[in-house]
Number of protein chains: 2
Amino acid sequence: MPPEASIPSHLGFAILGLLARRQRTGYDIAKAMERPVGYFWTARHSQIYPELARLEDAGLVRHRVVDGAGPRPTKRYAVTAAGKRALRSWVASELEPQPVRDLETLKLWSVWLVAPEIAKSFVRQSLSAHKARLAAYEEELAGVDADTDSRDPGHPLFASRLTLEGGVRSRRAAVEWCEWMLDELDWAGDHHRSDRHRQGHGARRGT
Amino acid sequence: MPPEASIPSHLGFAILGLLARRQRTGYDIAKAMERPVGYFWTARHSQIYPELARLEDAGLVRHRVVDGAGPRPTKRYAVTAAGKRALRSWVASELEPQPVRDLETLKLWSVWLVAPEIAKSFVRQSLSAHKARLAAYEEELAGVDADTDSRDPGHPLFASRLTLEGGVRSRRAAVEWCEWMLDELDWAGDHHRSDRHRQGHGARRGT
DNA sequence: GTTTCATATGTCAACATTGACATATGCCGC
DNA sequence: GCGGCATATGTCAATGTTGACATATGAAAC
């Protein structure tokens with residue numbers, strides 16, 4: 001029996017999710033954390049290798065040494081039956097609210113401090129980032145969508161299709177939002193200039 | 001001159017953004033990190049108090065002791081001129097790509113492992129959370145929108161309006177996405193069953 | 001009257017995450 | 001043949017973040 005299997009961290013479940021689809025080396029996992037898993041969860045290799053060791057201690061994954069190019073033995077990991085059970089029960093568990101950390105919105109929240117022109121250049125940066133991500137999602141979704149396996153709710157591609165669809169929808173909304181903000185800033189900039197020249201500085205408050 | 005002002009952390013800028021709108025105690029900041037700033041950035045008081053001390057060391061905020069109900073002296077913080085400059089230049093700086101950490105999508109990505117019925121209950125949980133958040137955003141936006149200050153690009157409420165509009169749009173997209181997923185799961189669940197039992201089945205709607 | 005809640009500030013251990021350092025091989029282009 | 005890149009796994013110090021512990025007062029609910 002493996003040591004008592006403590007509940008893995010979020011990263012642990014991200015790794016189990018990858019290994020449940022197919023076996024991988026730690027290096028493969030690190031690459032997947034850029035794309036496509038990196039679209040919603042990221043980690044560096046320096047976090048992945050220790051986490052794999054912890055998962056193995058808990059009996060949720062195991063490895064076999066294979067041929068490879070590194071200076072150390074290359075290890076290929078696979079999920080165990082216990083690992084798959086842990087993953088399944090995590091998916092079925094209540095979705096706890098997660099801390100939000102959105103740097104883009106945080107910056108935008110203080111955008112009233114800078115001139116409308118600078119605000120517009122900020123929004124344009126956001127817009128192009130969202131557009132690029134949208135294009136990536138759409139391309140990947142087209143590939144998944146063409147595969148008939150993506151209609152089978154028991155196939156990994158089914159889940160890939162759901163997540164990609166969400167990505168496309170949220171990025172489309174973000175692109176439209178940025179375009180709306182540019183309109184607002186255009187109008188506000190003009191308006192502001194017109195009655196810019198004198199008004200008192202009263203005590204302002206905001207929420 | 002204060003000690004050399006190192007660049008504050010993201011949390012530091014969140015706090016500066018709050019104090020740039022008006023003075024607050026550490027406790028007030030902690031409450032604001034639930035709502036409305038908590039909509040895009042969160043922190044506990046155990047993180048806020050040390051950060052305020054660091055910001056003060058860097059000369060970006062200062063405090064005055066006021067009457068209060070706590071066991072220790074109550075401190076009211078305000079942003080300094082240097083703090084406002086730091087915040088402004090951060091807003092104008094390039095938007096660095098941020099690590100994504102989306103637990104909801106991470107779970108969904110492994111949803112192929114569970115029965116469609118369980119998947120549906122997961123999506124229903126998401127849906128109700130998104131709907132609740134959407135309602136909160138809409139209510140807050142209605143209040144901000146009614147204030148004419150929210151049209152002035154130099155007023156905090158202008159920035160509040162932009163961020164809330166983004167919140168409304170993204171949550172609306174999320175609600176529609178969840179409803180789309182429920183449709184997909186309905187159809188896929190039926191399809192799955194009918195395949196197994198060799199029964200005929202009707203048409204489905206488009207992607 | 002007593003429990004509970006909001007006010008109010010702090011510390012600390014544990015865990016999560018990043019970025020730098022460390023290492024060695026094979027392949028490709030120049 | 002040499003530089004750069006992909007393969008491949010690891011450690012470590014520093015920073016970010018959480019959850020628990022600690023404390024005291026006034027007001028409202030029961």
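These numbers come from a predicted model, not from an experiment. Order of the sequence lines sets the chain letters (A, B, ...), proteins ahead of strands, with each chain counted from 1.
For Tyr27(A), the side-chain contact (heavy atoms from CB on, under 4.5 Å) partners two or more places apart in sequence, or in a different chain, are Thr25(A), Lys31(A), Tyr49(A). Listed by chain and residue number, nothing satisfies the salt bridge (charged side-chain N to carboxylate O under 4.0 Å, His left out) test with Glu104(B) (two or more places apart in sequence, or in another chain).
For the side-chain hydrogen bond (donor to acceptor under 3.5 Å, both in side chains) condition, the pairs that include at least one residue of residues 77-93 of chain A, sequence neighbours left out, are Ser93(A)-Lys107(B). Legend: salt bridge (Lys or Arg N to Asp or Glu O under 4.0 Å) pairs involving residues 69-80 of chain A, not counting sequence neighbours: none detected.
A straight line from CD1 of Ile7(A) to C1' of dA16(C) spans 17 Å, rounded to a whole angstrom. Distance CD (Glu96(A)) to C1' (dG19(D)): 15 Å, rounded to an integer number of Å. Going from atom CG of Leu103(A) over to atom P of dT17(D) covers 11 Å, rounded to whole Å. Look at CD on Glu34(B): it is 12 Å from P on dT18(D), rounded to the nearest Å. The CD1 atom of Ile29(A) sits 12 Å away from the P atom of dA8(D) (whole-angstrom rounding). Between Arg44(B) atom CZ and dA14(C) atom P the separation is 19 Å, expressed in whole Å. Atom pair Gln98(B):CD and dT17(D):C1' shows a separation of 17 Å (rounding to whole Å applied). Between Asp28(A) atom CG and dT9(D) atom C1' there is a gap of 12 Å when expressed in whole angstrom units.
Between the CD atom in Glu140(A) and the OG1 atom in Thr163(A) there is a gap of 8.5 Å [rounded to 0.5 Å]. Separating the CG atom in Leu157(A) from the CG atom in Asp152(A) is a distance of 9.5 Å, to the nearest 0.5 Å.
Within a heavy-atom distance below 4.0 Å of DNA chain D, the residues of residues 17-27 of chain A found are Thr25(A), Gly26(A), Tyr27(A).
By the 4.0 Å N-to-carboxylate-O rule, Lys120(A) lies too far from Asp183(A) to be salt-bridged with it.
Looking only at distances, a side-chain donor or acceptor of Arg21(A) sits under 3.5 Å from a matching main-chain atom of Pro156(A).
Taking for each of Asp67(B) and Thr42(A) the nucleotide of DNA chain C with the nearest heavy atom, the 5'-most of the two is the partner of Asp67(B).
Exactly one residue among Leu108(A), Val111(A), Leu106(A) makes a side-chain contact (heavy atoms from CB on, under 4.5 Å) with Val91(B). That residue is Val111(A).
Between Lys31(A) and dT7(D) there is a side-chain polar atom (N or O) within less than 4.0 angstrom of OP1 or OP2.
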Item to check | Reading 5' to 3' through nucleotides 10-16 of chain D, protein heavy-atom contacts under 4.0 Å coded B for base, S for sugar-phosphate only, - for none | outcome: BBB---S
